[in-house]
There are 2 protein chains.
Amino acid sequence: MPDPKQTPMAQVLREAGYKLTQPRLAVLQVLEENAAGLNPETIYALGRTLCPSLGLVTVYRTLDLLNELGLARRVHSEHHCHSYASAGSDHHYLICESCHRVIEFPCHGLEALLESVRMQTGYVISAHLLELSGLCPDCQEHPAESA
Amino acid sequence: MPDPKQTPMAQVLREAGYKLTQPRLAVLQVLEENAAGLNPETIYALGRTLCPSLGLVTVYRTLDLLNELGLARRVHSEHHCHSYASAGSDHHYLICESCHRVIEFPCHGLEALLESVRMQTGYVISAHLLELSGLCPDCQEHPAESA
DNA sequence: CCTCTTATTGAAAAAAACTTTCAATATGAT
DNA sequence: ATCATATTGAAAGTTTTTTTCAATAAGAGG
Ligand SMILES: [Mn+2]
Ligand SMILES: [Mn+2]
Ligand SMILES: [Zn+2]
Ligand SMILES: [Zn+2]
């Protein structure tokens, strides 16, 4: 595994002027290593294996920070409205309802819909949240398992 | 205003076998009369003007119920992840970032995007959450006000 | 490397959000 | 009008999130 201080996400933190502290790097690493939306408590538990002194407060603070920097985003799936996942460039999540794995997808082809809504409502549309859910290939094959 | 027991939403409740109690009708009416995402506490405050004995517990219970029946949906906008709005037939919300007014819009034209994501990922997609945000016509004209 | 400034941290306490429990009540069927 | 019971709200309990603040560690500059 690469040096946690040299990952692209760490670079963004550094360039924004934030210190690369152990607790922050632990949260970052947890998000990067888990392809799933994780709630603060889970991030806290996993993070402590990387940085035993990590506090839950810092998890909350770091999630806020990563969210501001666009390095992580909230996942809103029906029963996990308080999860976060690391964010690459696409910023749209596709969530497996069985194993809760989360992947990003590029959001192309929304323009016509947005324009149609703009015309019908008069709203100027500046942002959108699009989240898809379903079954990942693994869970389609092995309906009972989870990962 | 129409008899609260005769609104289309009330009918759905009745037909599903639930009693049309004053507290429930109050929550329902608050959601119908406010074109905005409202959090439980606000619904509670507004609801008490219609049904003074209303308890916050009942607000939570009623929101769950309305959600199950499809009569209300959660609104996930960035800073109000715990708001609810009444739901008609479209189930997709367009939120004004200034006055927080919420309207529904029909979501057509997503099929190509969904198919493309399915092909690229192998996920079977069974649901989607699409929420738009921007400025309503009023707030475009009067940038500072709110409603 | 050291030194120093200060951003960042975690424990603890506080606040907010939500749920459970249960006796009292209102609803709607009869 | 009567009655069975679904529903209610107060209170207590639990969980989640935020605030506070003294101690610490990052990293800039020497
Ligand atoms: Mn997009
Ligand atoms: Mn949400
Ligand atoms: Zn899966
Ligand atoms: Zn507006």
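Chain letters run A, B, ... following the sequence lines, proteins first and then strands; every chain starts at 1.
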Can A:L65 and A:L13 be said to form a side-chain contact (heavy atoms from CB on, under 4.5 Å), step by step?
-> CA-CA 9 Å; A:L65 179 57; A:L13 265 187; 3.9 Å; yes

Start with the C-alpha distance between B:E97 and B:S133, add both sets of side-chain angles, then the distance that settles side chain to side chain donor-acceptor pair (under 3.5 Å), and finish with yes or no.
-> CA-CA 6 Å; B:E97 286 165 354; B:S133 52; 3.3 Å; yes

Can you list the steps and then say if B:H82 with A:H82 is a side chain to side chain donor-acceptor pair (under 3.5 Å)?
-> CA-CA 10 Å; B:H82 300 252; A:H82 300 251; 3.2 Å; yes

Stepwise side chain to side chain donor-acceptor pair (under 3.5 Å) check, A:S116 with A:Q120 = CA-CA 6 Å; A:S116 142; A:Q120 285 171 41; 3.2 Å; yes

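Rounding to the nearest 0.5 angstrom, the gap separating the CG atom in B:N67 from the CZ atom in B:R73 is 5.0 Å.
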If you restrict it to nitrogen or oxygen atoms, what contacts under 3.5 Å exist between nucleotides 18-20 of chain C and the protein, and what is each distance?
{"unit_1": "C:dC18", "atom_1": "OP1", "unit_2": "B:H82", "atom_2": "ND1", "d": "2.9"}
{"unit_1": "C:dC18", "atom_1": "OP2", "unit_2": "B:Y60", "atom_2": "OH", "d": "2.8"}

Polar pairs (N or O, both sides) under 3.5 Å between protein and nucleotides 26-28 of chain C?
{"unit_1": "C:dT27", "atom_1": "O2", "unit_2": "B:K19", "atom_2": "NZ", "d": "2.6"}
{"unit_1": "C:dG28", "atom_1": "OP1", "unit_2": "B:L20", "atom_2": "N", "d": "2.6"}

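With a 4.5 Å cut-off on side-chain heavy atoms, A:N34 and A:T42 do not count as touching. Taking 4.5 Å as the limit, some side-chain heavy atom of B:T21 sits within range of a side-chain heavy atom of B:R24.
Hydrophobic clustering (ILVMFWY, side-chain heavy atoms < 4.5 Å, transitive): B:V102 and A:Y123 are in distinct clusters.
B:Y44 pairs in a side chain to side chain contact (heavy atoms under 4.5 Å, CB included) with only one of the listed residues (B:V59, B:L38, B:V57), which is B:V59.
Here A:F105 pairs with A:H92 under the ring-ring contact (aromatic ring centres under 6.0 Å, His included) rule; sequence neighbours left out.
For residues 117-136 of chain A, the pairs satisfying salt bridge (charged side-chain N to carboxylate O under 4.0 Å, His left out) are A:E115-A:R118, with sequence neighbours left out.
Remark on the helix from C:dC1-D:dG30 to C:dT30-D:dA1: inter-end axis angle 50°, axes from five-pair C1' superpositions, rounded to 10°.
Interface limits on DNA chain D: the 5'-most and 3'-most nucleotides within less than 4.0 Å of chain A heavy atoms are D:dT16 to D:dG27.
Side chain of B:Y18 to backbone of B:V12: no donor-acceptor contact under 3.5 angstrom is found.
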